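Each remark here refers to the structure printed beneath this line.
Computed from a predicted model, the values in this text were never measured in an experiment.
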Amino acid sequence: MFWIWLVVAAVALETLVTAFLLWRLYQRRRLIARLRKVRAVAEPSALPARLRAYAEAAGAESAAKGLIRIRQDCEIRFQPDQSWHQLQAESLVALGAPGFLWQAKAKAGPIAVVSVLDAYVAGEGLLDARLLSLFPLARAKGEAADKAEAMRYLAELLWAPDALLSSPGLTWQEQPDGSIQVETETKSGPARVTLMLDETGCGWVRAEDRPRAVPGGAVPTPWEGRFWNPQQIGSRLLPSEAEVAWILPEGRFIYWKGRLLDYRVEA
């Protein structure tokens with residue numbers, strides 16, 4: 001009798017896992033379909049000359065349509081005292097409106113030990129990180145996630161020069177120190193990120209109030225990223241490496257670092 005119940009439990013667990021994986025696949029396909037359809041609702045302001053020169057030097061095309069597909073090798077951790085998870089990741093970036101979808105997996109053989117879905121589509125943000133595709137590691141949705149993911153989109157424009165040239169629904173403002181502030185509207189107010197480029201094509205990004213998910217909600221927290229080591233990636237000249245960190249009271253917490261493998265524009 002025990003073995004019968006064990007088999008029943010195993011079949012039930014397999015069915016549950018299969019159903020969840022199919023739902024995740026459906027969710028991803030639905031988000032990609034929405035990402036292809038979104039269009040800017042506001043006229044863009046003029047792109048600063050230094051950013052235009054950066055994008056053109058990278059080989060970007062102002063008439064590009066569709067999506068940018070970026071592949072990465074990267075590492076992620078969710079707390080300062082946790083170990084790093086090695087991930088293979090793919091990011092889709094919209095051309096025509098602010099938006100992206102980033103999906104990453106850490107595998108042991110055929111099994112996805114850690115999977116992460118991070119997105120900003122049609123003004124809505126989503127973070128969903130899971131262990132063994134089932135057990136939540138981190139999840140964020142709602143107005144704070146909308147703003148946080150919009151900020152990620154703005155920060156990663158340095159990795160998406162074709163999106164820079166389309167300048168979809170964004171407002172740019174050059175600062176006295178030579179940095180450039182970029183802003184887009186979200187349901188919870190404007191999302192702003194400051195960009196800085198040097199003469200080699202490397203750069204950094206910073207936001208003073210990116211929402212950070214904590215137990216019970218989200219806390220506005222200083223946040224920054226660095227991009228370096230320009231290389232030819234596909235048909236674009238781009239910083240090939242990057243890292244991202246929260247600036248916490250106890251110190252700088254680097255939680256993501258990665259390397260570009262490929263960059264393509266798909267109609």
Side-chain angles (χ1 to χ4, degrees), residues 40 42 44-48 50-51 54 74 76-81 91 93 97-100 102 116 118-121 123-127 129 138-161 163-164 167-198 201-228 239 241-258:
S45 63
L47 183 67
R50 282 181 296 126
L51 285 179
Y54 167 79
C74 51
I76 194 170
R77 57 181 178 173
F78 300 98
Q79 297 295 335
D81 58 350
S91 181
V93 182
F100 76 93
W102 185 80
V116 184
D118 209 19
Y120 183 69
V121 179
E124 297 179 357
L126 171 66
L127 168 64
R139 181 169 175 82
K141 190 175 175 63
E143 289 191 359
D146 298 344
K147 186 172 182 178
E149 300 303 347
M151 286 179 168
R152 172 172 177 171
Y153 166 81
L154 296 175
E156 292 191 3
L157 284 169
L158 294 181
W159 255 358
L164 267 178
S167 193
L170 308 179
T171 301
W172 305 91
Q173 186 174 10
E174 298 190 67
Q175 304 297 307
D177 65 356
S179 63
I180 299 170
Q181 186 180 88
V182 57
E183 176 181 309
T184 189
E185 285 295 326
T186 73
K187 295 174 184 177
S188 57
R192 299 186 188 93
V193 169
T194 299
L195 313 175
M196 175 71 86
L197 284 169
D198 66 20
C202 301
W204 59 258
V205 298
R206 185 174 174 96
E208 298 303 323
D209 61 347
R210 188 175 185 225
R212 179 175 181 244
V214 297
V219 176
T221 305
W223 173 81
E224 67 182 25
R226 297 193 305 119
F227 299 81
W228 70 93
E241 299 180 66
E243 67 179 26
V244 184
W246 294 105
I247 311 304
L248 304 179
E250 57 270 27
R252 188 170 184 266
F253 164 40
I254 300 172
Y255 67 91
W256 184 93
K257 49 189 178 182

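- In this structure Asp146 satisfies the side chain to side chain donor-acceptor pair (under 3.5 Å) test with no other residue, sequence neighbours excluded.
- Every residue meeting the side-chain contact (heavy atoms from CB on, under 4.5 Å) condition with Glu250, not counting sequence neighbours, appears here in chain and number order: Leu248.
- Residues meeting the salt bridge (Lys or Arg N to Asp or Glu O under 4.0 Å) test with Lys141, sequence neighbours left out: none.
- Remark: Gln181 engages Gln173, Gln175, Glu183, Arg192, Thr194 in a side-chain contact (heavy atoms from CB on, under 4.5 Å) (not counting sequence neighbours).
- Judged as a side-chain contact (heavy atoms from CB on, under 4.5 Å), and not counting sequence neighbours, the contacts of Thr184 are Pro98, Ala150, Leu154, Leu170, Ala191.
- Checked against salt bridge (Lys or Arg N to Asp or Glu O under 4.0 Å), Glu124 has the following partners two or more places apart in sequence or in another chain: Arg34, Lys187.
- A search for side chain to side chain donor-acceptor pair (under 3.5 Å) contacts involving Arg210 returns Tyr255, not counting sequence neighbours.
- By the salt bridge (Lys or Arg N to Asp or Glu O under 4.0 Å) test, Glu143 pairs with no residue at all, sequence neighbours left out.
- Shown here are the side chain to side chain donor-acceptor pair (under 3.5 Å) partners of Tyr54, two or more places apart in sequence or in another chain: there are none.
- For Arg226, the side chain to side chain donor-acceptor pair (under 3.5 Å) partners two or more places apart in sequence, or in a different chain, are Glu243.
- Counting only residues at least two apart or on different chains, the salt bridge (charged side-chain N to carboxylate O under 4.0 Å, His left out) pairs with a member in residues 167-176 are Arg50-Glu174.
- For Phe227, the ring pair (Phe, Tyr, Trp, His ring centres under 6.0 Å) test picks out Trp159, with sequence neighbours left out.
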